[in-house]
Engineer: 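If you scroll down you'll find the structure; I have some questions about it.
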There are 2 protein chains.
Amino acid sequence: MVSSSGTEPRRITIHDVARSAGVSRQTVSRALNDKDEIDDSTKQRVLDAARALGYRPSRFARGLVRQDTTTIGLVIPDLLNPFFTEVAAAALEAARARGWHVVVYDTADRAEEELGTLQVISSQVDAVVGYFSCPEDELELFTRGMPVVLIGREHHSARFSSIRIDGEEGVHAAVAHLVAEGHTRIGMLDHYGRAEPSIRREWFTTAAAAYGIDAGMVVGADQSADGGGAALKTLLAAHPDVTAVFTFNDIIAIGALREARRLGRSVPQDLAVIGFDGLQLGALVEPPLSSVALDTRKLGALAIDQVARLLTGVNPLGADDLVVRAELRLGGSA
Amino acid sequence: MVSSSGTEPRRITIHDVARSAGVSRQTVSRALNDKDEIDDSTKQRVLDAARALGYRPSRFARGLVRQDTTTIGLVIPDLLNPFFTEVAAAALEAARARGWHVVVYDTADRAEEELGTLQVISSQVDAVVGYFSCPEDELELFTRGMPVVLIGREHHSARFSSIRIDGEEGVHAAVAHLVAEGHTRIGMLDHYGRAEPSIRREWFTTAAAAYGIDAGMVVGADQSADGGGAALKTLLAAHPDVTAVFTFNDIIAIGALREARRLGRSVPQDLAVIGFDGLQLGALVEPPLSSVALDTRKLGALAIDQVARLLTGVNPLGADDLVVRAELRLGGSA
DNA sequence: AGCGCTCCCGTGAACGTTCACGGGAGCGCT
DNA sequence: AGCGCTCCCGTGAACGTTCACGGGAGCGCT
């Protein structure tokens, strides 16, 4: 119980254990790593000494000599957003299959956290996967020399890979389905706050045009259930004859479902709703959500696969192969 | 484009960059870490050489010399289970505030994955937080020398800390509320598959007894929404006069809500439902779920706080301080 | 007695980086 | 001319572990 007076407590190393047990470094190493070539009583003595001293091996020293661990950094804006939860779970699963470690960073949807995270990450992981909203040049600056795989984001620099989400056919199928069900007045709840309209809206517009449907009834929604509810209210107030809505994502759609019930519109009879993402959460609401569904497991697996190729330098996939297609999956809401 | 024939491609080190740029190691280090004492043109030359060679610094070598990073391992059974998502998010937030890194391991609810995870983890992190179902002696064996904080699990060895979840008062308040609303026939959907009844059921039984309520109407439920729905069906078939249910957790409660709607029982008029956990998800369903709510952020913060104390060895909290109390939070389902 | 084998154990070197320190070149000033 | 200062840059040592190798003790066999 005597602490070294004043000075910073020196780290306990394998030498300390060796001295305490009266053996050499190598013998301590043998005991700790369950190797052969050590007497049982010696091993026990070493283990006791290690425990008594509170010895913890340095993962850095160990990692330096046997270079066999890869760690990747997974950066997501908000783990509590179910979409990112699914992506994270998928990435974890794919990484685990390779025996990789995954350090998860939640940037809390704040751009300034991104840079801090990147700075901190760059000296701790072998590669980075995730969502970033910061400019490419900053991203490049902080990830110098590391493989980077972006998800659902366009990139211009050849420095990065990115997984593209292709929902064009899926959205087309969604509109086709609504039309087949007799809907002619179809609105959209888009993602609010972006300067330009979303790509998902473009897909919607294109598909609507193919069926001669007016694609002008669009309201921006905050990316939350409450936001979806509010947006639906606004949309229906402006266009009471709307009988179907397509939404930017499932969270917004779920908010719309809830709001429809409050407005006394039953789903899908009075109002059909189709979301985007295909969250597992969509199965929990009533009626189960119809959605242009993404295979998040494939998304995660693809991202990790590309990281593996970039790390080894063999056959990295090109943009054409880094695509996950979304497909219409009917629940009961449309 | 010439690859070294046959042999394993040697790692590119700071020496290679130094030689290529015609400078010393130290100068390369200065360029890479944005230090002073280097000429701008030299720095650029080094950076170019590093990029051309595809140089990536070794985090192990760097970590070995400047020992300033702590990494903790977070082990959870299933990230897609919303409860664990919230706990994970809370732990990430608390760790981020300290500048720590968090490696997340999803054991996919399989005990055999736990041991593999532990083995792999032990050489990669400074401490472990999470859920484990394996026996304590195995846990001890694989975490030798590392601080371990368990969540929501009893432990007997002084080797571990654990965060206890205390829902006794909260469940009592839930039953009191139901009684005050005029309910006399209250059932419970417990967690299915455990040998012994859950602690949450004990709390329910105790509280019911205090109000002279029969606590015998209990059905086991699989820990999923579907499981909750099926269990409610079974319960109501056996006891049609039940007007209120308390559930093991919110996921089961949400399944019960859905099933109630299918059975034509409106909530809360015909059937009151109170869950446990207080998930954010509960606000997305209709009506919003009443629940004996846990402060998951506090849970995560407390776990990380204890890890910090254990790592430094100063004032680790005792069992009495490692408690998170659950409180009744009314939505609209009861 | 000598040989070979097994069982243990220890010593130097290496992993790849940063720290501490030393020192040369060049310039301005007295 | 000499001094001091700034600007750059390089060399040895250290971080804490594992690998490769050497070697002694003890035993059984011929």
Side-chain angles (χ1 to χ4, degrees), chain A residues 7-47 49-50 53-71 122-126 144-146, chain B residues 7-47 49-50 53-71 122-126 144-146:
Chain A
T7 72
E8 180 74 12
R10 199 177 51 79
R11 182 191 180 99
I12 293 172
T13 74
I14 203 171
H15 293 93
D16 301 314
V17 179
R19 191 164 353 103
S20 167
V23 295
S24 71
R25 306 186 314 269
Q26 184 60 16
T27 297
V28 175
S29 177
R30 278 191 267 256
L32 259 46
N33 295 310
D34 236 4
K35 295 259 173 116
D36 278 348
E37 307 197 357
I38 183 171
D39 188 78
D40 279 344
S41 66
T42 311
K43 181 189 218 168
Q44 196 53 51
R45 188 153 40 93
V46 170
L47 258 30
L53 293 173
Y55 168 70
R56 285 199 307 267
S58 156
R59 67 171 180 286
F60 294 115
R62 182 174 285 177
L64 185 58
V65 42
R66 40 181 216 212
Q67 355 219 20
D68 54 355
T69 49
T70 38
T71 301
S122 61
S123 61
Q124 287 296 314
V125 300
D126 301 308
R144 184 146 280 166
M146 253 194 307
Chain B
T7 73
E8 180 73 11
R10 201 176 51 78
R11 183 191 179 98
I12 293 171
T13 74
I14 203 172
H15 293 94
D16 300 314
V17 179
R19 192 167 350 106
S20 167
V23 296
S24 71
R25 305 186 314 269
Q26 184 59 16
T27 298
V28 175
S29 177
R30 278 191 268 257
L32 259 45
N33 296 310
D34 236 4
K35 295 261 172 114
D36 276 350
E37 308 197 357
I38 184 173
D39 188 78
D40 277 345
S41 67
T42 310
K43 182 189 219 165
Q44 197 54 50
R45 191 155 38 93
V46 170
L47 258 30
L53 293 173
Y55 169 70
R56 286 198 307 267
S58 155
R59 68 170 179 283
F60 295 115
R62 183 175 283 176
L64 185 58
V65 41
R66 41 183 217 212
Q67 355 220 19
D68 53 357
T69 50
T70 37
T71 301
S122 61
S123 61
Q124 287 296 316
V125 301
D126 300 308
R144 186 146 277 168
M146 252 192 309

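The sequence lines fix the lettering, A, B, ..., with proteins before strands; numbering per chain opens at 1. What's counted below: heavy atoms across the whole structure, side chains too, no hydrogens, waters or symmetry copies.
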Engineer: Just verifying a value: how many Å separate A:S29 OG and A:I38 CD1, rounded to the nearest 0.5 Å?
Structural biologist: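 The CD1 atom of A:I38 is 9.5 Å from OG of A:S29, to the nearest 0.5 Å.
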
Engineer: Distance under 4.0 Å to a non-hydrogen atom of chain A counts as contact; along DNA chain D, which nucleotides mark the start and end?
Structural biologist: D:dG16 to D:dA20

Engineer: Sequence neighbours left out, what passes salt bridge (Lys or Arg N to Asp or Glu O under 4.0 Å) with B:D39? Give chain and number order.
Structural biologist: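 Result, salt bridge (Lys or Arg N to Asp or Glu O under 4.0 Å) vs B:D39: none returned.
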
Engineer: Would you please name every residue forming a salt bridge (Lys or Arg N to Asp or Glu O under 4.0 Å) with B:R59, sequence neighbours left out?
Structural biologist: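 B:R59 satisfies salt bridge (Lys or Arg N to Asp or Glu O under 4.0 Å) with A:D126 only.
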
Engineer: Quick test of your reading: applying salt bridge (Lys or Arg N to Asp or Glu O under 4.0 Å), list the pairs with at least one residue in residues 16-28 of chain B, sequence neighbours left out, ordered by first then second residue.
Structural biologist: B:R10-B:D16, B:D16-B:R19

Engineer: Kindly compute the distance separating CZ (B:R11) from OH (B:Y55), expressed to the nearest 0.5 Å.
Structural biologist: 7.5 Å

Engineer: If you measure from CD1 on A:I14 to OG on A:S24, what distance do you get to the nearest 0.5 Å?
Structural biologist: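 These two atoms lie 8.5 Å from each other.
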
Engineer: Taking only residues two or more places apart in sequence, or in another chain, which ones meet A:S20 in a side-chain contact (heavy atoms from CB on, under 4.5 Å)?
Structural biologist: A:A49, A:L53

Engineer: Measuring from atom NZ of A:K43 to atom CG of A:D34, what distance do you get when rounded to the nearest 0.5 angstrom?
Structural biologist: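 One finds 4.0 Å between NZ of A:K43 and CG of A:D34.
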
Engineer: In dot-bracket form, 5' to 3', how is DNA chain D paired? Count Watson-Crick and G-U wobble pairs only if both distances fall under 3.5 Å, and write | where the partner sits on another strand.
Structural biologist: ||||||||||||||||||||||||||||||

Engineer: Tell me every residue that passes side-chain contact (heavy atoms from CB on, under 4.5 Å) with A:R56, counting only those two or more places apart in sequence or in another chain.
Structural biologist: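 In terms of side-chain contact (heavy atoms from CB on, under 4.5 Å), with neighbours along the sequence ignored, A:R56 is linked to B:M146, B:P147, B:L311.
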
Engineer: What residues, two or more places apart in sequence or in another chain, satisfy side-chain contact (heavy atoms from CB on, under 4.5 Å) together with B:R45?
Structural biologist: B:V23, B:T42

Engineer: For DNA chain C, what residues of residues 16-31 of chain B have any heavy atom nearer than 4.0 Å?
Structural biologist: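 Result for residues 16-31 of chain B: B:R25, B:Q26, B:S29, sorted by number.
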
Engineer: Any residue in residues 32-46 of chain A with a heavy atom nearer than 4.0 angstrom to DNA chain D? Just list them by number, or reply none.
Structural biologist: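 Correct list: A:N33, A:K35.
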
Engineer: Once salt bridge (Lys or Arg N to Asp or Glu O under 4.0 Å) is applied, do any residues pair with A:D40, and if so which ones, sequence neighbours excluded?
Structural biologist: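 Partners of A:D40 under the salt bridge (Lys or Arg N to Asp or Glu O under 4.0 Å) test: none.
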
Engineer: Residues in salt bridge (Lys or Arg N to Asp or Glu O under 4.0 Å) with B:D36, at least two apart?
Structural biologist: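 None.
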
